[in-house]
Amino acid sequence: MTYKTKGNRRVLVTKQLISDALLKLLEAKSIEKITITELCETAHVNRSTFYHHYTSQYDVLSEIEDEKVEDIKAMLEKMDPRRSFTVREQIEAICVYLKENKSAFLLFMNSKYIMKDFSEKLLSLTLKSDFVDNHAPKELSNEQKELWGNFYQGGYYYLIYSWLSGNMSATPAEIADLICNFLQAK
């Protein structure tokens with residue numbers, strides 16, 4: 001993971017140590033059971049150093065999530081700039097990236113504290129913000145449209161999660177096709 005945080009090398013190294021320590025601890029226990037003391041000991045940093053950069057282990061997890069989403073955005077931007085890619089091609093590229101980084105994504109996808117935020121960010125990478133307005137049945141009220149959008153967002157996220165966490169043999173292309181069929185997107 002590369003941090004885009006402004007600062008000197010020592011700050012970047014410290015943040016990397018803390019992030020790596022949190023990911024290591026998440027392999028054994030849920031985030032709510034990880035203490036700051038334990039995190040600092042694993043990262044080999046002082047508590048005061050930790051609190052200089054973060055307020056909690058949840059802040060670290062959120063920063064890791066943001067970095068992963070930025071990595072996906074950068075990967076999508078590196079796709080051939082001479083042509084526009086369909087939603088399906090973008091979803092497939094994201095699925096390839098998620099599969100290649102499966103263990104890290106599963107660690108924080110399992111966290112109930114960032115699930116909604118992360119799923120919104122994942123969905124927004126491929127679908128425009130007006131997706132609900134353009135695809136929801138016109139007769140729905142605004143409240144119903146929001147619920148309809150939440151349904152699709154949750155389905156998209158849990159389909160990806162189930163694929164990554166299971167022993168499914170589906171390829172990223174097959175998952176992209178399935179998601180696009182559910183979302184009725186091209």
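- Note: Asp66 CG to Ser62 OG = 4.5 Å, rounded to the nearest 0.5 Å.
- Of all heavy-atom pairs spanning Tyr152 and Phe182, the tightest one is CE2-O, 2.8 Å.
- Note that the CD atom of Glu32 and the CD atom of Gln57 stand 9.0 Å from one another [nearest 0.5 Å].
- Using a 3.5 Å distance cut-off with no hydrogens or angles, the side chains of Asn142 and Glu146 do not pair a donor with an acceptor.
- Taken together through direct or relayed side-chain contacts under 4.5 Å among Ile, Leu, Val, Met, Phe, Trp and Tyr, Tyr158 and Leu147 form parts of separate hydrophobic clusters.
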Please assess Lys73 against Glu70 for the test salt bridge (charged side-chain N to carboxylate O under 4.0 Å, His left out), listing each intermediate value before the final yes or no. CA-CA 5 Å; Lys73 280 183 189 176; Glu70 286 302 314; 3.5 Å; yes
Gln144/Glu139 under side-chain contact (heavy atoms from CB on, under 4.5 Å): CA gap, chis, key distance, verdict: CA-CA 9 Å; Gln144 290 170 328; Glu139 66 275 4; over 6 Å; no
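- Going from atom CG of Leu159 over to atom SG of Cys95 covers 8.0 Å, rounded to the nearest 0.5 Å.
- Separating the NZ atom in Lys24 from the CG atom in Leu26 is a distance of 12.5 Å, to the nearest 0.5 Å.
- For the pair Leu98 and Ile72, the minimum side-chain heavy-atom distance is below 4.5 Å.
- Put simply, the side chain of Asn46 never gets that close to the backbone of Ser48: no donor and acceptor are under 3.5 Å apart.
- Here the OG1-CZ distance, from Thr14 to Arg9, works out to 10.5 Å after rounding to the nearest 0.5 Å.
- Nearest heavy atoms, Tyr54 versus Ser19: OH-OG, 4.4 Å.
- Using a 4.5 Å heavy-atom threshold, the side chains of Val45 and Leu39 count as separate.
- Nearest heavy atoms, Arg88 versus Ala173: NH2-O, 3.2 Å.
- The line from CD of Glu38 to NZ of Lys33 is 11.5 Å long, rounded to the nearest 0.5 Å.
- Residues Lys29 and Ile34 meet the side-chain proximity criterion, which asks for heavy atoms closer than 4.5 Å.
- The shortest distance between side-chain heavy atoms of Val60 and Phe50 falls below 4.5 Å.
- The side-chain heavy atoms of Pro172 and Tyr97, taken from C-beta on, include no pair separated by under 4.5 Å.
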Could you walk me through whether Glu41 and Arg47 satisfy the salt bridge (charged side-chain N to carboxylate O under 4.0 Å, His left out) test, starting with their C-alpha distance in whole Å, then the side-chain angles of each, then the deciding distance to 0.1 Å, before giving a yes or no? CA-CA 9 Å; Glu41 287 172 0; Arg47 285 175 65 88; over 6 Å; no
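- In terms of modelled atom types and a separation under 3.5 Å, the side chain of Trp163 and the main chain of Ile175 share no donor-acceptor contact.
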Walk me through whether Thr49 and His52 qualify under side-chain contact (heavy atoms from CB on, under 4.5 Å). CA-CA 5 Å; Thr49 301; His52 180 71; 5.5 Å; no
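- Tyr156 places a side-chain heavy atom less than 4.5 Å from the side chain of Ile91.
- Leu106 and Val96 are not part of a single hydrophobic cluster, where members link through side-chain heavy atoms under 4.5 Å apart.
- Using the six-membered ring where Trp is involved, Tyr161 and Tyr157 have ring planes that are parallel, under 30° apart on the 30 and 60° scheme.
- In this structure, the side chains of Ile18 and Thr42 stay at 4.5 Å or more apart for every pair of heavy atoms.
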